[in-house]
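All values below come from the heavy atoms of this structure, side chains included, with hydrogens, waters and symmetry mates left out. A, B, ... follow the sequence lines: proteins, then strands. Residue 1 opens every chain.
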2 protein chains.
Amino acid sequence: MPQLAPVLRALANDKRLLILEWLKHPRTHFPPQVDGDLVRDGVCNVFIANKLGVSQPTASEHLNVLARAGLLRPKRIKQWTFYKRDEARIAQIKREIARWI
Amino acid sequence: MPQLAPVLRALANDKRLLILEWLKHPRTHFPPQVDGDLVRDGVCNVFIANKLGVSQPTASEHLNVLARAGLLRPKRIKQWTFYKRDEARIAQIKREIARWI
DNA sequence: GTGGCATATAGCCATATTGCTATTTTGCCA
DNA sequence: TGGCAAAATAGCAATATGGCTATATGCCAC
């Protein structure tokens, strides 16, 4: 069990699963951004907070949980933080889940 | 997201992952039982509590969480409850995780 | 430098999780 | 029937989680 439980804990939340789902296809779920490309750089906090229907700090915390688990990568540009899926890590986690469950 | 979060929450615990792992090969992890076959019927609560190093009620609760999530099936024989993996359901959950994460 | 915007952090509350001990329930069997 | 053994439930404590508001930080534009 290579530290699988913490990753599963990060995944075990409806809102965080939604975020991961939306970030699969950012352009179909979020409006264009000025200072960062939705696909190349990721999606900013406020868009996600609005779409989730929670406050900005709450969304920030969810994004942090996903980032700490390695599922998302943050990229700071100017005053924004853009989040995108780390597909390589996610694929690895899928393999580990399939292997250990 | 077909109610994936509750299943992931059931999985997001080291002790419960250990239980699932041990139940893959009950005969290599547990001594023989008199009233139920380790493979056909499952493994009883006390064996699992002992091996986990927790009290009987704590193990009972972990087993219940896994059973409620559909990962284990309980079988009552005499005064024992034997637990075994529900492989069909686990395979389905693996597919859903791979599909939605 | 000041003001303003996007994020992050701090502090707080309500609820959930994980563990325990004590008790109750269930089912054998002498 | 009474007593024993396994399991489940109840009740309790400690900690974690998920949400909020308020505040701090970082970064531009002026």
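No salt bridge links A:Arg73 with A:Asp41; every basic N to acidic carboxylate O contact stays at or beyond 4.0 Å. Taking a cutoff of 4.0 Å between a charged side-chain nitrogen and a carboxylate oxygen, A:Arg9 and B:Asp14 do not qualify as a salt bridge. Salt-bridge annotation for B:Glu61 and B:Arg68: present, with a side-chain N of the basic residue lying under 4.0 Å from a carboxylate O of the acidic one. Note on B:Glu21 versus B:Lys24: salt bridge recorded, some NZ/NE/NH1/NH2 to OD/OE distance being below 4.0 Å.
Contacts of A:Thr81 with the nucleic acid, taken as non-hydrogen atoms under 4.0 Å apart, involve only primed sugar atoms and P, OP1 or OP2. Using a 4.0 Å heavy-atom distance criterion, A:Phe82 is classed as making no nucleic acid contact. Heavy atoms of A:Val65 sit nowhere under 4.0 angstrom from any nucleic acid atom. Among the heavy atoms of the strands, none lies under 4.0 Å from B:Phe47.
In this structure, B:Arg9 atom CZ and C:dA16 atom C1' are separated by 9 Å, rounded to whole Å. B:Glu61 has its CD atom 14 Å from the P atom of C:dA16, to the nearest Å.
Of the two residues near DNA chain C, A:Gln79 and B:Asp35, the one whose nearest nucleotide lies more 5' is A:Gln79.
Distance from the side chain of B:Thr58 is smallest for C:dG19 among the nucleotides C:dT18, C:dG19, D:dG26.
Residue B:Asn45 has a polar side-chain atom (N or O) positioned under 4.0 Å from OP1 or OP2 of D:dA8.
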